[in-house]
Amino acid sequence: MKKNVLYVCVAAMLASLTTSCDAIKKFLSTDLSDEEYIVGQLYADEYVKETPVQFRGTTHPQPNAGGGSGSTGIELNDKDNRDLYAAIDSWYGTPYLYGGCSTSGVDCSCFVGKIFKTVYGANLHRSANDIQLDMAKMVSRDALREGDIVFFTNSNGKVSHVGIYLKDDLFVHSSTSNGVTVSSLENSYWKKHFYKGGRHKAVKTKY
């Protein structure tokens, strides 16, 4: 069974097919323990090892720290959407899980979708690439504002990762190495692979 699954996945890659992971899974048996791992390795966003962003000289910000947003440790002001940060706090530290969509494990697109539904009442597509279809417009990096979705490509040029822009070049996402965390667009990997920002019509900001 493992060989058959590997042949299917490799053939799809060599043919440069755009078939979604879910479509491939339909050809597999109901016992997906090994198949999930193989398909996940081929289709998940690339593994990025990075050091978590530090705030106020602390390595692990504590929830409800004075002046901070809670788990993220980001200092807030009267322009920041506190509902957004509260929603992030409820997911912060959740481990990354390809295809996951719960606080036991979540991937990047599900995390963004959950936050958008909670904070803005908006439903998004499930895959990172398809979330672009939900955007009212795309924006450049220097035009990003709170609540914009940031899109990243992998080494093949395909949009494979998404996060939510906060401020000061910071964005929150479900990282393959750190789970739900805050990263900087100045990180060498994210800076190189940043594609575009997307703005949803339901997002209102004071910035």
Side-chain angles (χ1 to χ4, degrees), residues 20-22 44-45 53 55 61 63-65 67-153 158-176 178-185 190 194-207:
S20 70
C21 181
D22 287 338
D45 52 282
V53 176
F55 303 94
N64 301 317
S69 75
S71 298
T72 68
I74 297 176
E75 295 286 347
L76 302 183
N77 58 47
D78 59 1
K79 291 184 178 181
D80 297 313
N81 185 336
R82 292 179 182 267
D83 289 339
L84 171 60
Y85 284 89
I88 292 170
D89 285 345
S90 66
W91 287 88
Y92 203 82
T94 298
Y96 178 88
L97 176 64
Y98 176 74
C101 205
S102 75
T103 52
S104 295
V106 67
D107 62 23
C108 64
S109 56
C110 176
F111 169 68
V112 169
K114 290 287 189 179
I115 294 296
F116 260 68
K117 181 62 176 178
T118 298
V119 180
Y120 307 114
N123 293 310
L124 303 180
H125 279 76
R126 181 62 179 86
S127 73
N129 186 63
D130 288 347
I131 288 176
Q132 296 176 87
L133 301 174
D134 302 311
M135 300 298 100
K137 67 176 181 177
M138 305 301 284
V139 299
S140 61
R141 177 177 166 178
D142 58 6
L144 289 171
R145 66 190 191 192
E146 181 188 81
D148 285 345
I149 293 179
V150 283
F151 295 88
F152 302 90
T153 57
K158 177 183 178 181
V159 171
S160 61
H161 193 69
V162 288
I164 301 172
Y165 186 76
L166 300 175
K167 61 179 180 177
D168 301 329
D169 280 330
L170 300 175
F171 68 101
V172 65
H173 63 136
S174 183
S175 161
T176 49
N178 296 322
V180 176
T181 190
V182 171
S183 296
S184 172
L185 289 174
W190 301 121
F194 176 80
Y195 173 59
K196 286 182 180 179
R199 188 161 297 158
H200 195 283
K201 64 181 181 181
V203 178
K204 309 299 180 183
T205 178
K206 297 179 182 178
Y207 283 100

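Model, not experiment: these values are computed from the prediction.
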Phe152 vs His161 aromatic rings, parallel, tilted or perpendicular, using cut-offs 30° and 60°? tilted
State, with a plain yes or no, whether a side-chain heavy atom of Asp148 is found less than 4.5 Å away from one of Val203. no
Closest contact, heavy atoms only, Arg199 versus Ala143: NH2-O, 2.9 Å
May I ask you to test the Ile88-Leu166 pair for a side-chain heavy-atom distance under 4.5 Å? yes
Working note: Ile149 + Gln132, criterion side-chain contact (heavy atoms from CB on, under 4.5 Å); need CA distance, chi angles, decisive distance, verdict. CA-CA 9 Å; Ile149 293 179; Gln132 296 176 87; over 6 Å; no
Below 4.5 Å, heavy atoms only, C-beta onward: do Tyr120 and His200 meet side chain to side chain? no
Backbone of Asp83 reached by a side-chain donor or acceptor of Asn81 within 3.5 Å: yes
Does any part of the side chain of Ser109, heavy atoms only, come nearer than 4.5 Å to the side chain of Ile131, both counted from C-beta? yes
Where do Val162 and His173 land on the side-chain contact (heavy atoms from CB on, under 4.5 Å) test, with the steps shown first? CA-CA 7 Å; Val162 288; His173 63 136; over 6 Å; no
Taking every heavy atom of Ser160 against every heavy atom of Ala128, the minimum-distance pair comes out as C-CB, 3.8 Å
Minimal non-hydrogen separation, Met138 against Lys196, with atom names: CE-CB, 3.8 Å
Starting at CG of Leu84, measure out to CZ of Phe116 and round the result to the nearest 0.5 Å. 8.5 Å
Rounding to 0.5 Å, atoms CG (Leu76) and CZ (Arg82) come to a distance of 4.5 Å
Please determine if Arg126 and Asp107 form a salt bridge, counting it only when a charged side-chain N lies under 4.0 Å from a carboxylate O. yes
Would you say the side-chain atoms of Ser90 pair up with the backbone N or O of Ala87, donor to acceptor, closer than 3.5 Å? yes
Taken to the nearest 0.5 Å, the spacing of Arg145 CZ from Lys204 NZ works out to 8.5 Å
Kindly indicate, with the supporting measurements, whether the criterion side-chain contact (heavy atoms from CB on, under 4.5 Å) is fulfilled by Trp91 and Val172. CA-CA 10 Å; Trp91 287 88; Val172 65; over 6 Å; no
Any heavy-atom pair between the side chains of Tyr92 and Thr181 that's under 4.5 Å? yes
Side chain of Ser174, backbone of Val106: donor and acceptor closer than 3.5 Å? yes
Return the CG to NE2 distance between Leu133 and His125, rounded to the nearest 0.5 Å. 5.0 Å
Just verifying a value: how many Å separate Lys117 NZ and Cys110 SG, rounded to the nearest 0.5 Å? 13.5 Å
Any side-chain heavy atom of Thr205 sitting closer than 4.5 Å to one from Lys167? no
So, the side chain of Asn129 versus the backbone of Lys158: is there a donor-acceptor pair under 3.5 Å, distance only? no
Side-chain contact, heavy-atom cut-off 4.5 Å: Val150 with Arg141? no
How long is the straight-line distance from CG of Leu170 back to OH of Tyr165, given to the nearest 0.5 Å? 7.0 Å
Judged by atom type as modelled, is there a donor-acceptor pair below 3.5 Å linking the side chain of Asp89 to the main-chain atoms of Ser71? yes
When you compare the side chain of Val112 with that of Ile115, does any pair of heavy atoms fall below 4.5 Å? no
Give me the atom names and distance for the closest heavy-atom approach of Met135 to Leu124. CE-CD2, 4.4 Å
Between Leu144 and Phe194, does the side-chain contact (heavy atoms from CB on, under 4.5 Å) criterion hold? Intermediate values first, please. CA-CA 12 Å; Leu144 289 171; Phe194 176 80; 4.2 Å; yes
